[in-house]
2 protein chains.
Amino acid sequence: MKKSRKSTLTDLAKAMGMNVSTVSRALNDHPKISSKTKAKVKALAEKMDYKPNPLAQGLKKQDTKTIGVIFPTFDTNFFFRVLKGIEKVMHDKGYQIIISTAGNSSIHEKEACQALSSYHVGGIIIFLSYDHDDPSFLIDIQDEGIPLLFMDRIYEEIDANYVVSDDFKGMFETVSDFIDKGCKNIVHIKGSEEVSTSFSRLQGYQEALREKGIEVNPDFIIKCEHESEVKSGLRKLLSKYSIEDIDLITCFNDYYAFQALELLKEKNISVPDDVSLLGFANDPLSTYTSPKLSTINQPAEHMGVQASYLLLDEIDKNRKGENYQYQTSMVNTFYLKRESTK
Amino acid sequence: MKKSRKSTLTDLAKAMGMNVSTVSRALNDHPKISSKTKAKVKALAEKMDYKPNPLAQGLKKQDTKTIGVIFPTFDTNFFFRVLKGIEKVMHDKGYQIIISTAGNSSIHEKEACQALSSYHVGGIIIFLSYDHDDPSFLIDIQDEGIPLLFMDRIYEEIDANYVVSDDFKGMFETVSDFIDKGCKNIVHIKGSEEVSTSFSRLQGYQEALREKGIEVNPDFIIKCEHESEVKSGLRKLLSKYSIEDIDLITCFNDYYAFQALELLKEKNISVPDDVSLLGFANDPLSTYTSPKLSTINQPAEHMGVQASYLLLDEIDKNRKGENYQYQTSMVNTFYLKRESTK
DNA sequence: CTGTTAGCGCATTCAC
DNA sequence: GTGAATGCGCTAACAG
């Protein structure tokens, strides 16, 4: 293996018979460098394929042009779509993205954060997935000057930027509309208690009923820790109620809805003729089912973009020493009609 | 914002009244440091929450405990699954992962590679998506001592580790089996010429027919640059041939197969009763269609794991100065029967 | 066993 | 306008 070295500032300086600092300044468009010199230096830099060493730059400037992203898992497509949005913005701005997952425990999650912070990333976008009895490590990271941006979930204790999708509103408005259109008997398949989004979506459902003066039937709220529980939950419901008693089934997410769809097919219940079915998230899968799933769109990619802008803005303000006002950005969710609803 | 600085080696040294290098050595378990000193230093490091600065380390050692991964896009699930495999291994070994996409041109792809190399990543896993008339920049990166591992595609000109899935074999064996079971009239919906995997899959199809003495009907090879062309391609075929003339439709990938499935439904052609349909890749979507798609499994996550091990091995051998034998790891693909085939 | 020194590549303060 | 010198935080070669 040949070990041909990259050219450095010193190499350039030698080749031109100038001082390193002059070269550095020329490359950085320092005002007090003659444009002639600048041109010459830049030409040579091009020719020698000079690329500044980001490590050295980072060490010097205490700013590494990298940001960290922490996902709970790589299991759902949602994160990948968010990542796409982040990638778009960040690479455009010359940032590299370091990714991590929270593993499967709050300890791993903490470690991932700290690893990123010790890497001196410029900021961290994080989907927190565990409850930490002691979230002070997050504040420590902020204190070290690394901005944190939390996605999808709000922590009252922590002052920071947040990007969340307005799950409540999407569900609330959609269910309200269905009620206006004459639906009365609406089921909700609820997600895990551990997940905050699960709560907002349930709330949206409940509030809509309440506001329209429909009593919430506890039987109609089916709690499923995991999508694998959906079928049995629904089966139980259908042993007590006939399908004629149900107009619409709303779900925690599209995966849940798909499980419901499969069970309904097994029972020869036609969607949407016998009952409407509504997913949540607009996961790509929702276009591959038949009937195609109506769902509530959660703009994953947009959330990534939004988060990136917010984070970069904070980084920028921090560097300039300006003071920064944290923001919580609520992105809209909305009903997306496909084939599984009437 | 409080700016409580991270503690550095110097801080530790001062606090202990020792020299920086002693502290450094103690932390790195240098043999010639008394275990008493080590213990004391480590205790304090813990207490002061000392974390080495990877930038400084990288600058010094020319080696950063990071690896880069370059994807063509964030559009298909396949990459996400590969990433999952990579993540698993790499974080286990204490590496951080920096991701990039190739953007939409060979120039961006080149830039992404160079950006990563200038970050002194320990190695790069890359899905090359464009043809470069001048791939010398890749060799340059290798010459700088950064191992490259290519996924999914082999470049004769470049000596390196490769991880590819044996697409030919999977398709060849599957089609052969179908012929043995009595299928004669087999269609292949072929992917873009730009994509090398497209070629291997076509080859597998053709070879199987040839070996079984079935003449390849050119009409039965439908070329589609993109999945959006599948329906029209198939429509054309069905205007010339009746569905009774076709036993099986094989596809470049699952997305193509899904398009085919939709068209067949429109035409009231039943899958698999009237015709069998075969996807490729085992994308998660294939379990959400109805009928569920039979496909050829491409073990994405395993490919990521495999690539990681190979790359880490090369990094390790390089560091130790041992010489390294490049490998090409072919991962198996195999038929996965679901509901769309008989 | 531990201290001293140098240097990785760069930006920047201070001279001139 | 440009050169010289310093230091970011760390490791390693050289002393002792």
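So that the names make sense, note that chain A is the first sequence line, chain B the second, and so on, each numbered from 1.
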Exercise for the section: Please state whether the phosphate of dC8(C), meaning OP1 or OP2, lies under 4.0 angstrom from any side-chain nitrogen or oxygen of Q57(B). Expected result: no
Practice task
Indicate, with a heavy-atom threshold strictly under 4.0 Å, whether S24(A) touches base, sugar-phosphate, or nothing.
Solution key: base
Practice task
Using only side-chain N and O atoms of N19(A), determine if any of them is under 4.0 Å from OP1 or OP2 of dA4(D).
Solution key: yes
Problem - Value in whole Å for how far the P atom of dG9(D) lies from CG of D63(B) - result: 21 Å
Problem - D75(A) with K84(B): basic N within carboxylate O range, under 4.0 Å - result: yes
Exercise for the section: Starting at atom NZ of K36(A), determine the distance to atom P of dT2(D), rounded to an integer number of angstrom. Expected result: 9 Å
Exercise for the section: Could you pick out which residue, T22(B) or P52(A), lies toward the 5' side of DNA chain C when each is mapped onto its nearest nucleotide? Expected result: T22(B)
Problem - Short side-chain N/O contact to dG9(D) OP1/OP2 from Y119(A), under 4.0 Å - result: no
Handout entry: Side-chain-base donor-acceptor pair under 3.5 Å for K60(A) and dG9(C)
Key = no
Practice task
Whole angstrom is fine here: how far is it from CZ in R25(B) over to C1' in dG16(D)?
Solution key: 12 Å
Exercise for the section: Look at the side-chain N and O atoms of S21(B) and state whether any lies under 4.0 Å from the OP1 or OP2 oxygen of dG3(C). Expected result: no
Exercise for the section: To the nearest Å, give me how far apart CG (L27(B)) and C1' (dT2(C)) are. Expected result: 15 Å
Fill in the blank from the handout: Between CG of L12(A) and P of dA11(C) the distance, given in whole Å, is 12 Å
Practice task
Select one nucleotide: of dC10(D), dG1(D), dA11(C), the one nearest the side-chain heavy atoms of K32(A).
Solution key: dG1(D)
Completion exercise
To the nearest angstrom, the CG-C1' distance between L59(B) and dC10(C) comes to 8 Å
Exercise for the section: Answer yes or no: is there an ion pair linking D29(A) with K42(A), defined by an N-O contact shorter than 4.0 Å? Expected result: yes
Handout entry: Exercise: do K51(B) and S117(A) side chains pair donor with acceptor under 3.5 Å
Key = no
Handout entry: Selected nucleotide, minimal atom distance to N53(B) side chain, candidates dC10(D), dC8(D), dT2(D)
Key = dC10(D)
Handout entry: Distance-only polar pair, side chains of N161(B) and Y324(B), donor-acceptor under 3.5 Å
Key = yes
Problem - Nearest-Å distance for atom pair CD/C1', residues Q62(A) and dT12(C) - result: 14 Å
Problem - Whole angstrom value for the distance that separates C1' of dC10(D) from OH of Y50(B) - result: 7 Å
Handout entry: Greater than 12 external heavy atoms within 6.0 Å of E157(A)'s CD
Key = yes
